[in-house]
A.B. asks: 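Take this structure first; my questions come after.
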Amino acid sequence: MKISVSLFALLLVSLYSQAQFFVQQLPQDQILNNDKAYVVTNQGDTVKGVIINGSILKDSVNGDLLEAFTIKTDQGKIKYKMLEIQTLGVIPGVGAKHKDMPLLTTLKKASDTTFLKAVETEWVIFERILLPGKREVYDLAQLVNPGFDSKIKVYTRREANDSGNLSFASISLTGGEDLSHLVSINGERPILVTKRKYQKDGYNMVFKDCDMLSQGKLMWKEFAKHVFVYDTKCE
(Lines give C-alpha, C1' and ligand atoms only; values in the text may rest on other atoms or scores of the structure.)
Protein backbone atom coordinates (compact mmCIF):
# COMPACT_ATOMS: atom_id res chain seq x y z
CA MET A 1 0.00 0.00 0.00
CA LYS A 2 1.39 3.39 -1.00
CA ILE A 3 0.75 6.61 0.88
CA SER A 4 1.71 10.21 0.18
CA VAL A 5 4.62 12.10 1.72
CA SER A 6 2.13 14.34 3.53
CA LEU A 7 0.58 11.30 5.17
CA PHE A 8 4.11 10.13 6.07
CA ALA A 9 4.54 13.36 8.01
CA LEU A 10 1.22 12.98 9.81
CA LEU A 11 2.05 9.41 10.73
CA LEU A 12 5.45 10.43 12.04
CA VAL A 13 3.99 13.16 14.21
CA SER A 14 1.41 10.74 15.58
CA LEU A 15 3.86 7.93 16.26
CA TYR A 16 6.97 9.91 17.21
CA SER A 17 6.88 8.90 20.85
CA GLN A 18 5.65 5.34 20.29
CA ALA A 19 8.00 3.41 18.02
CA GLN A 20 10.99 3.42 15.69
CA PHE A 21 10.82 2.54 12.02
CA PHE A 22 13.21 1.89 9.18
CA VAL A 23 11.84 1.24 5.66
CA GLN A 24 8.81 -0.97 5.12
CA GLN A 25 9.39 -4.70 5.22
CA LEU A 26 8.59 -7.09 2.37
CA PRO A 27 8.00 -10.79 3.23
CA GLN A 28 10.06 -13.10 1.04
CA ASP A 29 7.02 -14.76 -0.51
CA GLN A 30 6.13 -11.33 -1.96
CA ILE A 31 9.43 -11.03 -3.84
CA LEU A 32 7.84 -12.93 -6.73
CA ASN A 33 5.41 -10.04 -7.21
CA ASN A 34 7.91 -7.64 -8.78
CA ASP A 35 8.12 -5.12 -11.59
CA LYS A 36 11.93 -5.06 -11.78
CA ALA A 37 14.76 -6.98 -10.17
CA TYR A 38 18.52 -7.31 -10.08
CA VAL A 39 20.94 -9.84 -8.67
CA VAL A 40 24.56 -9.50 -7.61
CA THR A 41 26.17 -12.93 -7.84
CA ASN A 42 28.95 -14.33 -5.66
CA GLN A 43 31.33 -13.51 -8.54
CA GLY A 44 30.31 -9.84 -8.39
CA ASP A 45 28.29 -9.81 -11.61
CA THR A 46 25.06 -7.79 -11.75
CA VAL A 47 22.13 -9.34 -13.60
CA LYS A 48 19.00 -7.26 -14.32
CA GLY A 49 15.53 -8.42 -15.24
CA VAL A 50 12.28 -9.63 -13.67
CA ILE A 51 11.82 -12.56 -11.29
CA ILE A 52 9.27 -14.87 -12.90
CA ASN A 53 9.12 -17.77 -10.47
CA GLY A 54 10.71 -19.12 -7.33
CA SER A 55 10.86 -21.90 -4.78
CA ILE A 56 9.29 -20.91 -1.46
CA LEU A 57 9.93 -22.92 1.71
CA LYS A 58 6.89 -22.77 3.98
CA ASP A 59 7.91 -22.09 7.58
CA SER A 60 5.25 -21.36 10.20
CA VAL A 61 7.85 -20.04 12.67
CA ASN A 62 10.18 -17.90 10.57
CA GLY A 63 7.89 -17.03 7.68
CA ASP A 64 8.05 -18.21 4.07
CA LEU A 65 11.61 -18.35 2.76
CA LEU A 66 12.84 -17.87 -0.80
CA GLU A 67 15.21 -20.78 -1.53
CA ALA A 68 15.69 -20.33 -5.29
CA PHE A 69 14.32 -18.16 -8.09
CA THR A 70 14.47 -17.55 -11.83
CA ILE A 71 15.20 -14.11 -13.27
CA LYS A 72 14.24 -13.32 -16.84
CA THR A 73 16.72 -11.04 -18.60
CA ASP A 74 17.06 -9.72 -22.15
CA GLN A 75 19.37 -12.67 -22.84
CA GLY A 76 17.17 -15.38 -21.35
CA LYS A 77 16.29 -17.02 -18.04
CA ILE A 78 18.75 -17.73 -15.22
CA LYS A 79 18.02 -19.73 -12.07
CA TYR A 80 19.80 -18.94 -8.79
CA LYS A 81 19.89 -20.53 -5.39
CA MET A 82 20.09 -18.28 -2.35
CA LEU A 83 23.67 -19.35 -1.60
CA GLU A 84 24.75 -18.29 -5.11
CA ILE A 85 24.00 -14.59 -4.67
CA GLN A 86 25.19 -11.65 -2.58
CA THR A 87 22.31 -9.25 -3.18
CA LEU A 88 18.78 -9.33 -4.53
CA GLY A 89 16.93 -6.09 -5.25
CA VAL A 90 13.29 -5.82 -6.34
CA ILE A 91 10.75 -3.13 -7.08
CA PRO A 92 7.54 -4.67 -5.69
CA GLY A 93 4.49 -4.86 -7.91
CA VAL A 94 1.24 -3.09 -7.09
CA GLY A 95 -0.21 -6.22 -5.51
CA ALA A 96 2.74 -6.94 -3.22
CA LYS A 97 1.76 -7.14 0.45
CA HIS A 98 4.19 -5.50 2.85
CA LYS A 99 4.55 -6.39 6.49
CA ASP A 100 3.95 -2.80 7.54
CA MET A 101 3.25 0.66 6.23
CA PRO A 102 6.22 2.51 4.69
CA LEU A 103 6.86 4.60 7.78
CA LEU A 104 10.21 6.31 7.92
CA THR A 105 11.72 6.82 11.39
CA THR A 106 11.37 8.85 14.54
CA LEU A 107 13.62 11.75 13.67
CA LYS A 108 13.32 14.99 15.61
CA LYS A 109 11.43 16.59 12.73
CA ALA A 110 9.23 14.88 10.16
CA SER A 111 10.41 17.49 7.65
CA ASP A 112 14.05 16.33 7.78
CA THR A 113 14.68 16.36 4.03
CA THR A 114 18.16 14.82 4.35
CA PHE A 115 16.72 11.64 5.78
CA LEU A 116 13.78 11.62 3.37
CA LYS A 117 16.19 11.72 0.43
CA ALA A 118 18.30 8.94 1.95
CA VAL A 119 15.41 6.47 2.09
CA GLU A 120 13.51 7.63 -1.00
CA THR A 121 13.78 4.57 -3.22
CA GLU A 122 11.43 2.06 -4.81
CA TRP A 123 13.92 -0.76 -4.37
CA VAL A 124 13.67 -3.35 -1.62
CA ILE A 125 17.10 -4.85 -0.94
CA PHE A 126 17.89 -8.31 0.38
CA GLU A 127 21.43 -9.48 1.16
CA ARG A 128 22.86 -12.88 2.00
CA ILE A 129 24.31 -12.66 5.49
CA LEU A 130 26.17 -14.97 7.85
CA LEU A 131 23.98 -15.35 10.90
CA PRO A 132 25.33 -14.88 14.44
CA GLY A 133 26.45 -17.99 16.28
CA LYS A 134 29.12 -20.66 16.19
CA ARG A 135 27.86 -22.44 13.07
CA GLU A 136 28.24 -21.17 9.50
CA VAL A 137 24.62 -20.53 8.58
CA TYR A 138 23.56 -18.09 5.87
CA ASP A 139 20.25 -16.35 5.36
CA LEU A 140 18.65 -13.91 2.94
CA ALA A 141 17.69 -10.84 4.99
CA GLN A 142 16.16 -7.50 4.09
CA LEU A 143 18.34 -4.42 4.50
CA VAL A 144 16.10 -1.89 6.27
CA ASN A 145 18.40 1.16 6.25
CA PRO A 146 19.31 1.61 2.57
CA GLY A 147 20.69 5.06 1.86
CA PHE A 148 22.42 5.34 5.24
CA ASP A 149 24.13 1.95 5.43
CA SER A 150 27.76 2.78 4.59
CA LYS A 151 28.96 1.97 8.12
CA ILE A 152 26.15 0.00 9.73
CA LYS A 153 23.77 -2.37 7.98
CA VAL A 154 20.54 -3.21 9.77
CA TYR A 155 18.63 -6.32 8.73
CA THR A 156 15.26 -7.77 9.58
CA ARG A 157 15.31 -10.78 11.84
CA ARG A 158 12.65 -13.07 10.45
CA GLU A 159 11.83 -14.89 13.68
CA ALA A 160 11.66 -11.68 15.71
CA ASN A 161 8.44 -10.65 17.39
CA ASP A 162 7.10 -7.12 17.41
CA SER A 163 5.34 -5.09 20.06
CA GLY A 164 1.92 -5.29 18.45
CA ASN A 165 -0.20 -3.09 16.24
CA LEU A 166 -0.68 0.66 16.03
CA SER A 167 -3.38 2.46 14.12
CA PHE A 168 -3.80 5.86 12.51
CA ALA A 169 -6.72 7.27 10.52
CA SER A 170 -8.36 3.84 10.42
CA ILE A 171 -5.17 2.28 9.01
CA SER A 172 -3.79 -0.73 10.83
CA LEU A 173 -0.03 -0.54 11.26
CA THR A 174 1.42 -3.96 12.05
CA GLY A 175 4.83 -4.34 13.57
CA GLY A 176 4.66 -1.18 15.67
CA GLU A 177 8.11 -1.83 17.05
CA ASP A 178 10.47 -4.62 16.05
CA LEU A 179 12.06 -5.98 19.21
CA SER A 180 15.33 -7.05 17.58
CA HIS A 181 17.50 -6.58 14.48
CA LEU A 182 20.61 -8.15 12.99
CA VAL A 183 23.32 -5.49 12.72
CA SER A 184 26.57 -5.58 10.74
CA ILE A 185 29.16 -2.97 11.75
CA ASN A 186 31.79 -2.04 9.17
CA GLY A 187 31.21 -5.23 7.18
CA GLU A 188 31.68 -7.61 10.10
CA ARG A 189 29.52 -10.63 10.88
CA PRO A 190 26.10 -9.42 12.05
CA ILE A 191 25.28 -9.38 15.74
CA LEU A 192 21.88 -9.66 17.35
CA VAL A 193 20.73 -6.36 18.85
CA THR A 194 17.61 -6.57 21.01
CA LYS A 195 15.57 -3.83 22.64
CA ARG A 196 16.65 -4.91 26.11
CA LYS A 197 20.38 -5.09 25.27
CA TYR A 198 20.30 -1.82 23.33
CA GLN A 199 18.76 0.17 26.13
CA LYS A 200 21.29 -1.32 28.54
CA ASP A 201 24.49 -1.18 26.47
CA GLY A 202 23.67 0.20 23.01
CA TYR A 203 26.62 2.58 22.81
CA ASN A 204 29.26 -0.10 23.49
CA MET A 205 27.50 -2.60 21.23
CA VAL A 206 27.07 -0.41 18.16
CA PHE A 207 28.38 3.17 18.38
CA LYS A 208 31.46 3.00 20.60
CA ASP A 209 33.59 5.14 18.27
CA CYS A 210 31.06 7.98 18.01
CA ASP A 211 31.26 10.60 20.76
CA MET A 212 28.11 12.29 19.49
CA LEU A 213 26.04 9.30 20.63
CA SER A 214 27.85 8.75 23.91
CA GLN A 215 25.80 11.18 25.95
CA GLY A 216 22.78 9.85 27.80
CA LYS A 217 20.86 6.61 27.55
CA LEU A 218 20.08 5.31 24.07
CA MET A 219 16.38 4.56 23.62
CA TRP A 220 15.31 1.70 21.36
CA LYS A 221 12.54 3.74 19.76
CA GLU A 222 15.25 6.03 18.34
CA PHE A 223 17.52 3.29 16.98
CA ALA A 224 16.84 4.24 13.35
CA LYS A 225 17.68 7.86 14.11
CA HIS A 226 20.92 6.85 15.85
CA VAL A 227 22.01 4.75 12.86
CA PHE A 228 21.29 7.68 10.53
CA VAL A 229 23.30 10.08 12.73
CA TYR A 230 26.19 7.60 12.91
CA ASP A 231 26.26 7.23 9.12
CA THR A 232 26.08 10.94 8.31
CA LYS A 233 27.80 12.73 11.19
CA CYS A 234 30.27 10.39 12.91
CA GLU A 235 33.80 9.98 11.59
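Counting begins at 1 with the first residue of the sequence. These numbers come from the heavy atoms of this one structure, side chains and all, not from hydrogens, waters or symmetry mates.
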A.B. asks: Could you walk me through whether His226 and Tyr198 pass side-chain hydrogen bond (donor to acceptor under 3.5 Å, both in side chains), step by step?
C.D. replies: CA-CA 11 Å; His226 298 154; Tyr198 186 74; 2.5 Å; yes

A.B. asks: Are Thr194 and Leu179 close enough, and set up right, to give a side-chain contact (heavy atoms from CB on, under 4.5 Å), and what steps lead you there?
C.D. replies: CA-CA 6 Å; Thr194 65; Leu179 300 182; over 6 Å; no

A.B. asks: Under the rule for side-chain contact (heavy atoms from CB on, under 4.5 Å), what residues qualify as partners of Leu83, not counting sequence neighbours?
C.D. replies: Arg128, Tyr138

A.B. asks: Just to verify, what does Asp201 make a side-chain hydrogen bond (donor to acceptor under 3.5 Å, both in side chains) with, not counting sequence neighbours?
C.D. replies: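 For Asp201 the side-chain hydrogen bond (donor to acceptor under 3.5 Å, both in side chains) partners, ignoring immediate neighbours, are Asn204.
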
A.B. asks: Under the rule for salt bridge (charged side-chain N to carboxylate O under 4.0 Å, His left out), what residues qualify as partners of Asp29, not counting sequence neighbours?
C.D. replies: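 Salt bridge (charged side-chain N to carboxylate O under 4.0 Å, His left out) check on Asp29 returns nothing, list empty.
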
A.B. asks: How about CZ on Arg189, more than 12 heavy atoms from neighbouring residues, nucleotides or ligands closer than 6.0 Å, or not?
C.D. replies: yes

A.B. asks: Taking a hydrophobic cluster as the set of Ile, Leu, Val, Met, Phe, Trp and Tyr residues connected by side-chain heavy atoms closer than 4.5 Å, whether directly or through intermediates, do Phe207 and Met219 fall within one such cluster?
C.D. replies: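 Not linked; separate clusters.
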
A.B. asks: Could you tell me which residues satisfy side-chain contact (heavy atoms from CB on, under 4.5 Å) with Glu188, sequence neighbours excluded, listed by chain and number?
C.D. replies: none

A.B. asks: Roughly how far, to the nearest 0.5 Å, is the CD atom of Gln25 from the CD atom of Gln30?
C.D. replies: 13.5 Å

A.B. asks: Evaluate the side-chain contact (heavy atoms from CB on, under 4.5 Å) criterion for residues Ile185 and Lys151: first the C-alpha distance (whole Å), next the side-chain angles of each, then the deciding distance (0.1 Å), finally the verdict.
C.D. replies: CA-CA 6 Å; Ile185 303 168; Lys151 301 172 184 176; over 6 Å; no

A.B. asks: List, by chain and then residue number, the residues other than Ile91 in its hydrophobic cluster (Ile/Leu/Val/Met/Phe/Trp/Tyr, side-chain heavy atoms under 4.5 Å); write none if there are no others.
C.D. replies: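 Joined to Ile91, directly or through intermediates: Tyr38, Val40, Trp123, Ile125, Ile129, Leu131, Val137, Leu143, Tyr155, Leu182, Leu192.
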
A.B. asks: If the condition is side-chain hydrogen bond (donor to acceptor under 3.5 Å, both in side chains), which residues does Ser150 pass it with, not counting sequence neighbours?
C.D. replies: Asp231

A.B. asks: Return each pair, listed once, that meets side-chain hydrogen bond (donor to acceptor under 3.5 Å, both in side chains) where at least one residue sits in residues 70-83; pairs must be two or more places apart or across chains.
C.D. replies: Asn53-Thr70

A.B. asks: Can you sort out the partners of Asp149 under side-chain hydrogen bond (donor to acceptor under 3.5 Å, both in side chains), two or more places apart, ordered by chain and number?
C.D. replies: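 Scan of Asp149 (side-chain hydrogen bond (donor to acceptor under 3.5 Å, both in side chains), adjacent residues dropped) gives Lys153.
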
A.B. asks: Closest heavy-atom contact between Ile85 and Val39?
C.D. replies: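 Where Ile85 meets Val39 most closely, the heavy atoms are CG2-CG1, 3.4 Å.
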
A.B. asks: If a pair satisfies disulfide (SG to SG under 2.5 Å) and one of its residues is in residues 182-235, list it, with sequence neighbours excluded.
C.D. replies: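 Matches after skipping sequence neighbours: Cys210-Cys234.
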
A.B. asks: Could you name each residue pair satisfying side-chain hydrogen bond (donor to acceptor under 3.5 Å, both in side chains) that touches residues 206-215, not counting sequence neighbours?
C.D. replies: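 Counting only pairs at least two positions apart or across chains, the side-chain hydrogen bond (donor to acceptor under 3.5 Å, both in side chains) contacts touching residues 206-215 are Asp209-Tyr230.
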
A.B. asks: For Lys233, what residues pass the side-chain contact (heavy atoms from CB on, under 4.5 Å) criterion, not counting sequence neighbours?
C.D. replies: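 Checked Lys233 against side-chain contact (heavy atoms from CB on, under 4.5 Å); matches are Met212, Val229.
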
A.B. asks: What's the verdict on side-chain contact (heavy atoms from CB on, under 4.5 Å) for Lys36 and Val90, showing C-alpha distance, side-chain angles and the deciding distance?
C.D. replies: CA-CA 6 Å; Lys36 292 182 181 179; Val90 298; over 6 Å; no

A.B. asks: By side-chain hydrogen bond (donor to acceptor under 3.5 Å, both in side chains), which residues pair with Tyr203, not counting sequence neighbours?
C.D. replies: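 None.
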
